[in-house]
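A quick write-up on the structure given underneath.
A note on names: the letters A, B, ... follow the listed sequences, proteins ahead of strands, and every chain is numbered from 1. For clarity, every value in this text was computed on a predicted model and none was experimentally measured.
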There are 2 protein chains.
Amino acid sequence: MSPTHTEVTAPAGAADPTGPAAPADLDPCGRVDHPDCGIRDVLDRIGDKWSVLVIVELAGGPRRFRELQRAVDGISQRMLTLTVRRLERDGLVLRTVYPTVPAQVDYRLTETGAGLTHLVKALADWSLEHRAVIAEARHTYDRAHTDHDIR
Amino acid sequence: MSPTHTEVTAPAGAADPTGPAAPADLDPCGRVDHPDCGIRDVLDRIGDKWSVLVIVELAGGPRRFRELQRAVDGISQRMLTLTVRRLERDGLVLRTVYPTVPAQVDYRLTETGAGLTHLVKALADWSLEHRAVIAEARHTYDRAHTDHDIR
DNA sequence: CAGCATCCGCTAGGATACTG
DNA sequence: CAGTATCCTAGCGGATGCTG
């Protein structure tokens, strides 16, 4: 009667097997700006607005589909589905399906995902700290360039 | 014969007044996931693939337009222009035009931009560290879902 | 509730050509 | 070199409707 994960079985309450493991010996290319190194892949996941919001929300603990949709609010369920699926695919989020009557699914961060959270939070904090400066810079810029917007 | 900045005059070598100041008293909303708080604005700047790459490249010191384009390589000059303009608008990058014969422009991070660099680097590092795990997760996922891709 | 499927507009972004 | 201007397409992402 254990809830069916999209993947392998695992009791929701206990461990998620995202454990240590981590061979990480595919391509020790150290260059940060090298397009082929896979940074882009991960960054692209950060890129789309929704992923970040979902991750931040999940940082507060497991959420069900509707909870997520209401929390992020502004996201369509289509985008939520896609976002959450991609995060699951990347192993950042664990999806658990409980075979109850009206169907119930919850999402939680894996350890990998939780690690990313810290960085995302740092980014969010930085944003908060500098939003005023940036807003000011934009106004100044826009005043100097009264013509076409760049946005 | 000081080079003309896009904005106000300021000797490139000396200060940019992004100093301490930082009133930051516009909207002390602390919520990280609140869409109206401006986090999104900054995050969106991180969002598009090019900004991050350009910032990382500029972290290595001032670069000229073509240098940037060659360094990032893969970016069209259209996108480079847009990216760099947006970064300038946000006060993250300083654009300096030298009125030489074949025209010469260089871009460098402002102090604000340099601050962001650390976070971006952290993100890039994280990406490198976890790319293997993520790639593995994707393969596993894809093997389990042989049908339509999510990508 | 938790989703997949479909239609569809919008724009991010590449390719190309021209200017100062 | 350092852009600007156009054209044009892939896909992101919203709205809506249907299943289990």
Calculate the interatomic distance between Phe65(A) atom CZ and dG20(D) atom C1'; express it in whole Å. 15 Å
Counting side-chain heavy atoms from C-beta on, which of dG14(D), dG3(D), dG13(C) comes nearest to Met79(A)? dG14(D)
Check whether any side-chain nitrogen or oxygen of Arg95(B) sits under 4.0 Å from OP1 or OP2 of dG3(D), and answer yes or no. yes
Side-chain N or O of Arg70(A) closer than 4.0 Å to phosphate OP1/OP2 of dA2(C): no
Between Leu82(B) (CG) and dG14(C) (C1'), how many Å, whole number? 12 Å
Tightest non-hydrogen contact, residues Asp90(B) and Ile134(A), listed as O-CG1, 3.8 Å
Flag the pair Leu68(A) / Val84(A) as yes when at least one side-chain heavy-atom distance between them is below 4.5 Å, and no otherwise. yes
What nucleotide, of dA2(C), dG3(D), dG14(C), holds the atom closest to the side chain of Arg66(A)? dA2(C)
Would you kindly give the CD1-to-C1' distance between Ile75(A) and dC12(D), to the nearest whole Å? 12 Å
Could you state the CD-P distance from Gln69(B) to dA2(D), rounded to the nearest angstrom? 10 Å
Quick one: OH on Tyr141(A) to CZ on Arg86(B), what's the gap to the nearest 0.5 Å? 11.0 Å
salt_bridge(Asp106(B), Arg63(B)) N-O dist < 4.0 Å: no
May I ask you to evaluate whether Arg64(A) reaches the phosphate of dA2(C), defined as a side-chain N or O under 4.0 Å from OP1 or OP2? yes
Any donor-acceptor pair under 3.5 Å joining the side chain of Gln77(A) to the base of dG17(D)? yes
Taking the side chain as C-beta and beyond, is there a heavy-atom pair between Leu87(B) and Arg95(B) under 4.5 Å? no
Nearest-angstrom distance from the residue atom CZ of Arg85(A) to C1' of dC4(C): 10 Å
Spacing of Leu68(B) atom CG relative to dC1(D) atom C1', expressed in whole Å: 13 Å
Between Pro102(A) and Pro102(B), who's closer to the 5' end of DNA chain D by nearest nucleotide? Pro102(B)
Any idea which of dG20(D), dT4(D), dC12(D) is nearest the Ala103(A) side chain? dG20(D)
If you check the Ser76(B) side chain, which of dC12(D), dG14(C), dG14(D) turns out closest? dG14(C)
Considering just the side-chain nitrogens and oxygens of Arg78(A), establish if one lies under 4.0 Å of OP1 or OP2 belonging to dT6(C). no
Criterion side-chain contact (heavy atoms from CB on, under 4.5 Å) on Val93(A) and Leu109(A), from CA distance to verdict: CA-CA 4 Å; Val93(A) 157; Leu109(A) 293 174; 4.0 Å; yes
Value in whole Å for how far the C1' atom of dT11(C) lies from CG of Asp48(B): 14 Å
Closest non-hydrogen contact found for Pro99(B) with Val97(B) is CD-O, 3.6 Å
Under 3.5 Å for both distances, Watson-Crick or G-U wobble, that's the pair rule; now give the dot-bracket for DNA chain D, with | marking pairs to another strand and [ ] for crossing ones. ||||||||||||||||||||
Nearest heavy-atom approach of Glu67(B) to Pro62(B) is OE1-O, 4.4 Å
Closest nucleotide among dA2(C), dG3(C), dA2(D) to the Thr81(A) side chain: dG3(C)
Between atom CH2 in Trp50(A) and atom P in dG11(D), what is the gap in whole Å? 21 Å
